[in-house]
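Here's the structure we're looking at; comments come further down.
Keep in mind the model is a prediction, meaning the values are calculated, not measured. Numbering of ligands and ligand atoms starts at 1, following listing order.
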Amino acid sequence: MRGFRVQLALIVVLVAVVGALLHPLALLLAIAPFDTKGLIRFMEEVRSVIADFLGWGVLSLLAVMVLFVVKGRLSRGSEPTADRAASALARQPRATVAITAYNDAQATAQAVRDLLRQPCVVKVLVIDNNSSDGTARTAAAAGAQVITESRQGYGYACIRGLAEALEVADADVVILTEGDGTFFADDVAKFLAYIDHADLVVGNRVVRGLVDSDSQMDYFFTWGNMAVAMLLRLRFWDGRHLGPAGLMDVGCTFRAIRRQALERILPDLVVGGNHFSPHMLLVAMARGLSVVEIPIRFRRRFGPSKGASQSLGKGLQVGLVMIWHIMTFRLRPSPRTEPATRESRSEPAAADGLATVDEHGVAIVSDRT
Ligand SMILES: Nc1nc2c(ncn2[C@@H]2O[C@H](COP(=O)(O)OP(=O)(O)O)[C@@H](O)[C@H]2O)c(=O)[nH]1
Ligand SMILES: [Mg+2]
């Protein structure tokens, strides 16, 4: 059953694409210099079967939605109260920012300066991933603590940044971001405004009006991120909110996480490649963290992309890897077995008082603070 919804969604999309392609193919065959009538008739039949299949699918979906609405109405009042995941921080949040950096000397140094000017930022770390253009030197000159991650890869840089940020003693929030000039440092305030209400706050770069038209979020990357986000929602489906977090964007590095939440998920973060961002979301959701997505601004990158936005081909490749990862993701069994704190979440605790196991086969301990 695990991942079944994601697979079903992908099959439906595939069938729809095949159905849509049959028509232009039939038109092309019609002008072919040989007899294609039989083949065209067959393709038209297949097309009508697909149209019927999709039509019935839409009707079934509507029926299921009506069922959920009725069920929701009938059970109103007996539903558990909303999961107040993260309690308010005891003081004004103090944030450590970790910037992933790979041959982005000029933009990274500027990002460091801008971030250090933000009121709640106590330290900026730059995770230099074997840059050869002086990124480490310029970042240090701008006021960052530079850490060298020798394992090449965006995910390795992110994991190292998150781990090192935990070493900064007086920070209760860790912010991850890129030093490529695409993000706005003063958006840090937006993340901190929500960090009292969620364990993980992630940026959304697909909101019209906030994203510059010449940024890398073109049609392909905007649609791609939204489509993969929908698969992620399906993976952790919840009928009422269409997924545990209203995710629209899975590839945004700019995100903030509470210290205790990060300590819980850090051992599970293992992806070193370009699909780290949805990986972290998968781990967070599987571990029962509350995730909130907030609209942020996004502008054109400074210098050439080294990641998914290098080209359409690279973007497609990273997107497919993300889809595969969402389909096959399995959290390693939690080594933790301490008693769950029942008051801190709405799910009923397991009978023995130990960690609960959710529908994804994932052990969830309820130790949010
Ligand atoms: N692609 C890539 N990015 C890395 C690597 N190491 C660190 N990074 C940083 O990770 C971020 C993402 O890369 P970027 O080129 O901006 O990819 P894009 O956002 O898809 O254009 C940037 O801040 C890079 O400097 C790496 O090995 N590969
Ligand atoms: Mg980037």
Side-chain angles (χ1 to χ4, degrees), residues 97-115 124-140 142 144 146-165 174-185 187 202-206 210-212 214-226 228-229 249-255 269-280 296-322:
V97 183
I99 304 179
T100 56
Y102 178 50
N103 287 340
D104 274 321
Q106 210 175 331
T108 301
Q110 188 56 46
V112 172
R113 281 190 289 269
D114 292 346
L115 285 160
V124 174
L125 310 175
V126 166
I127 315 305
D128 177 34
N129 207 193
N130 308 314
S131 299
S132 55
D133 69 341
T135 295
R137 185 173 29 84
T138 53
V146 178
I147 289 143
T148 305
E149 171 55 56
S150 57
R151 290 175 304 170
Q152 193 68 53
Y154 164 70
Y156 289 126
C158 290
I159 295 169
R160 183 71 188 275
L162 293 169
E164 295 286 343
V174 173
I175 293 177
L176 189 63
T177 190
E178 295 183 19
D180 61 356
T182 49
F183 298 114
F184 292 75
D187 272 351
V202 291
N204 166 330
R205 306 162 300 164
V206 297
L210 296 187
V211 179
D212 286 357
D214 63 348
S215 77
Q216 65 203 52
M217 294 302 284
D218 57 11
Y219 271 74
F220 174 74
F221 283 100
T222 302
W223 287 4
N225 268 289
M226 291 200 284
V228 179
D249 183 11
V250 289
C252 183
T253 309
F254 207 177
R255 43 187 67 182
L269 300 176
V270 290
V271 162
N274 283 319
H275 57 301
F276 173 82
S277 293
H279 170 68
M280 185 175 170
I296 55 165
R297 290 167 293 163
F298 194 70
R299 62 189 161 192
R300 190 190 170 95
R301 196 189 193 295
F302 196 94
S305 166
K306 290 95 191 171
S309 315
Q310 276 172 62
S311 64
L312 203 65
K314 181 75 181 175
L316 202 60
Q317 183 210 329
V318 173
L320 289 174
V321 173
M322 284 179 176

Atoms of ligand 1, numbered as shown, that sit under 4.0 Å from any heavy atom of [X]:
X      : value
Arg301 : 14 (P), 15 (O), 16 (O), 21 (O)
Ser305 : 15 (O), 17 (O), 18 (P), 20 (O), 21 (O)
Asn129 : 5 (C), 6 (N), 7 (C), 26 (C), 27 (O)
Ser309 : 18 (P), 20 (O), 21 (O)
Asp180 : 16 (O)
Gly179 : 23 (O)
Gln216 : 18 (P), 19 (O), 20 (O), 21 (O)

Distance (rounded to the nearest 0.5 Å) between [X] [atom1] and [Y] [atom2]:
X      : Y      : atom1 : atom2 : result
Phe298 : Ser215 : CZ    : OG    : 5.5 Å
Thr177 : Leu115 : OG1   : CG    : 6.5 Å
Asp249 : Met226 : CG    : CE    : 9.0 Å
Arg255 : Ser277 : CZ    : OG    : 4.5 Å
Gln152 : Tyr102 : CD    : OH    : 4.5 Å
Thr100 : Leu162 : OG1   : CG    : 10.0 Å

(request) Start with the C-alpha distance between His279 and Val270, add both sets of side-chain angles, then the distance that settles side-chain contact (heavy atoms from CB on, under 4.5 Å), and finish with yes or no. (result) CA-CA 8 Å; His279 170 68; Val270 290; 3.8 Å; yes
Of the side chain and backbone of [X], name the one, both, or neither that has a heavy atom under 4.0 Å from an atom of ligand 1.
X      : answer
Gln310 : neither
Glu149 : neither
Asn274 : side chain

(request) Using side-chain contact (heavy atoms from CB on, under 4.5 Å) as the criterion, point out the one residue from Val112, Thr135, Ile127, Leu125 that pairs with Ile99. (result) Val112
For [atom], grab the closest protein heavy atom and report residue, atom and distance to one decimal in Å.
atom                    : result
atom 3 (N) of ligand 1  : Tyr154 CB, 4.0 Å
atom 4 (C) of ligand 1  : Tyr102 CB, 3.6 Å
atom 1 (N) of ligand 1  : Lys306 O, 2.6 Å
atom 9 (C) of ligand 1  : Thr100 OG1, 3.5 Å
atom 27 (O) of ligand 1 : Gln152 NE2, 2.7 Å

(message) Side chain or backbone, does Gly307 bring an N or O within less than 3.5 Å of an N or O on ligand 1?
(response) yes
(message) I'd like to check whether Pro304 has a polar contact with ligand 1, where a contact means an N/O of the residue lying under 3.5 Å from an N/O of the ligand.
(response) no
(message) Could you check whether Arg299 makes a cation-pi contact with Phe184, meaning its NZ or CZ is under 6.0 Å from the centre of the six-membered ring and within 45° of the ring axis?
(response) yes
(message) Only N/O/S atoms count here: what is the atom of Glu178 closest to the Mg ion (ligand 2) called?
(response) OE1
(message) Among the N/O/S atoms of Asp180, which is closest to the Mg ion (ligand 2)? Give the atom name.
(response) OD2
(message) Working note: Ser305 + Gln310, criterion side-chain hydrogen bond (donor to acceptor under 3.5 Å, both in side chains); need CA distance, chi angles, decisive distance, verdict.
(response) CA-CA 5 Å; Ser305 166; Gln310 276 172 62; 5.2 Å; no
(request) Would you please test Cys252 and Val202 for side-chain contact (heavy atoms from CB on, under 4.5 Å) and show each step? (result) CA-CA 7 Å; Cys252 183; Val202 291; 5.9 Å; no
(message) Between Asp212 and Arg297, does any side-chain N to carboxylate O distance fall below 4.0 Å?
(response) no
